[in-house]
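Here the structure comes first, spelled out in structure tokens, and everything after it is commentary.
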2 protein chains.
Amino acid sequence: MNKHDLRILKTKHNVHLVLTNLLKKKPLAQIKVTELCREANINRGTFYFHYREIGDVFKELFEEVMFDLRESYHEPYRHTEFLEVEKLDPKTVRIFHHIKKYEDFYRIIFSKEVSTAYYYMFFDEIRAICIEDRNVVYFGEPSDYLYSFSANAIIGLVIEWYRRDFQETADEMNIHLVNILKIYGNRRNEKE
Amino acid sequence: MNKHDLRILKTKHNVHLVLTNLLKKKPLAQIKVTELCREANINRGTFYFHYREIGDVFKELFEEVMFDLRESYHEPYRHTEFLEVEKLDPKTVRIFHHIKKYEDFYRIIFSKEVSTAYYYMFFDEIRAICIEDRNVVYFGEPSDYLYSFSANAIIGLVIEWYRRDFQETADEMNIHLVNILKIYGNRRNEKE
DNA sequence: TCAATTATTGTACATTTGTTCAATAAAATC
DNA sequence: GATTTTATTGAACAAATGTACAATAATTGA
């Protein structure tokens, strides 16, 4: 019940460590509750007292990654000089650097075997960032649909990046984004 | 081994029917292999001869939905009159009607409990459609990143639609899309 | 420090999973 | 129609899941 109970903190911290280590050896879907408990020296009943499945533990780990993503938008940004396109909001481009930092996590959440729950955690975070940036990037009255459109568009880039095994640097990804936004701008211009 | 073996066809057809029925009663994640086999009157060994898990069966069902999506882009379209925006490629807008048609399936693949595998099946299909439409919609040299960006952007709309329980009609979704593409066009215009 | 609270343990149990294998039934092939 | 091929069955097994509960240990709060 009480989140600050030392026993709970100790157990969860322990479980987090063990899962992190197991993830270095095998994919998430192959990690058994029994196995995790044995390595963590806790009773299986204790596990089920806190979680429903292994995925719930990973969710807690990924929560910290999402915290870092949120955080990274509240500290001054150091990469703006690189981008040649002065019009693009520098905030947008921190995403790729963050992902590179937590590459191992994103390899998991974009893999085919895991639940979509983590995708949505990421989506909601990116979407929130899009909303914060609303004044800078968009014109006209923005809608919920626009935010979901924009957020998932950026994630589309990340999916492509993931499928290419994150070969490109974060800065190269920024350039891709800039170029694409250029194309989207031109498209309508030439049509009317 | 032989996909046309009558025994296999019969078994799979049977399994498909039973899963479809079970899905009316409970979510995918709660359906057990044992349960499915009991209802289908097949041996559990037979199941494991063809599939690894329940999800593999659902994948086969969803494959047919993806086939319909692909198909719908090869037959004449009947809804173009509605759209007031003459510039938008009519092909794009068939997506929402297709989704409405298979609403029950999309409720599953966008739910939090299922694997991302189905999302990727959908993504790849939408992406292929974007590539086919390349000449019409985009200018400049299109890249793989652009296609993933565009495809996932549209899926972003679908996610928002899903979260609103598919309340809007398909035609209303088309309008949302048109409006958003307008905004994206304007954005750059006003900046330079 | 002591009493109250509750997380953790150990155990037990029914169920499901995933795999193996020989026997059998069904379909393909000739 | 006879033979070959192979999908299906049934049975058995180890392992993992998920749940329940009383006993115990650790932590909290007074």
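All chains are named by letter (A, B, ...) in the order of the sequence lines, taking the proteins before the strands, and each is independently numbered beginning at 1.
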Between atom [atom1] in [X] and atom [atom2] in [N], what is the gap in whole Å?
X      : N       : atom1 : atom2 : result
F47(B) : dG18(C) : CZ    : P     : 9 Å
N43(B) : dT20(C) : CG    : P     : 15 Å
I42(B) : dA25(C) : CD1   : P     : 18 Å
N14(A) : dA7(C)  : CG    : P     : 17 Å
L6(A)  : dA7(C)  : CG    : C1'   : 12 Å
D5(A)  : dT5(C)  : CG    : C1'   : 9 Å
K3(B)  : dA27(C) : NZ    : C1'   : 18 Å
R38(B) : dT16(C) : CZ    : P     : 7 Å

Go nucleotide by nucleotide along DNA chain C from the 5' end; which of R7(B) and E53(B) gets its closest nucleotide reached first?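 Of the two residues, E53(B) wins.
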With nearest nucleotides of DNA chain C determined for K10(B) and I31(B) from heavy-atom distances, which residue corresponds to the more 5′ nucleotide?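 Here I31(B) is the residue nearer the 5' end.
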Is it the case that the side chain of R127(A) and the backbone of D144(A) share a donor-acceptor pair, with hydrogens and angles ignored and the cut-off at 3.5 Å?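 Yes; judged by distance alone, with no hydrogens or angles, the pair exists.
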Keeping N14(B) on the side-chain end and K10(B) on the backbone end, is there a donor-acceptor pair under 3.5 Å?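 No: the side chain of N14(B) does not pair with the backbone of K10(B).
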Please report the shortest heavy-atom distance between Y106(B) and H98(B), naming the atom on each side.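 What the structure gives for the nearest pair is OH-NE2, 2.6 Å.
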Report yes or no: do I126(B) and I108(B) belong to one cluster of Ile/Leu/Val/Met/Phe/Trp/Tyr joined by side chain heavy-atom distances under 4.5 Å?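 Per the 4.5 Å side-chain linkage, I126(B) and I108(B) are co-clustered.
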Taking for each residue the nucleotide of DNA chain D bearing the nearest heavy atom, is the 5' side occupied by L9(B) or by K32(B)?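 Its nucleotide being nearer the 5' end, the pick is L9(B).
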Measure the spacing between CD of E113(B) and CD of Q30(B) and express it to the nearest 0.5 Å. 8.5 Å
salt_bridge(K59(A), E63(A)) N-O dist < 4.0 Å: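 Result for this pair is no, no salt bridge flagged.
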Test: R107(B) cationic atom under 6.0 Å from Y162(B) six-membered ring centre, within 45° of axis: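 No, R107(B) does not lie over the aromatic ring of Y162(B).
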Could you work out how much the helix from dT1(C)-dA30(D) to dC30(C)-dG1(D) bends, comparing the axis of its first five pairs with that of its last five, to 10°? 50°
Does anyone know the first and last nucleotide of DNA chain D in reach of chain A, 5' to 3', at under 4.0 angstrom to a heavy atom?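 Range of nucleotides within reach of chain A: dA16(D) to dT28(D).
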Measure from the ring center of Y145(B) to the ring center of W161(A) and say whether it is less than 6.0 Å.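 Here the rings of W161(A) and Y145(B) have centres that are no less than 6.0 Å from each other.
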Under 30°, 30 to 60°, or over 60°: which ring-plane class applies to Y119(B) and Y119(A), parallel, tilted or perpendicular?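 Ring orientation of Y119(B) relative to Y119(A): tilted.
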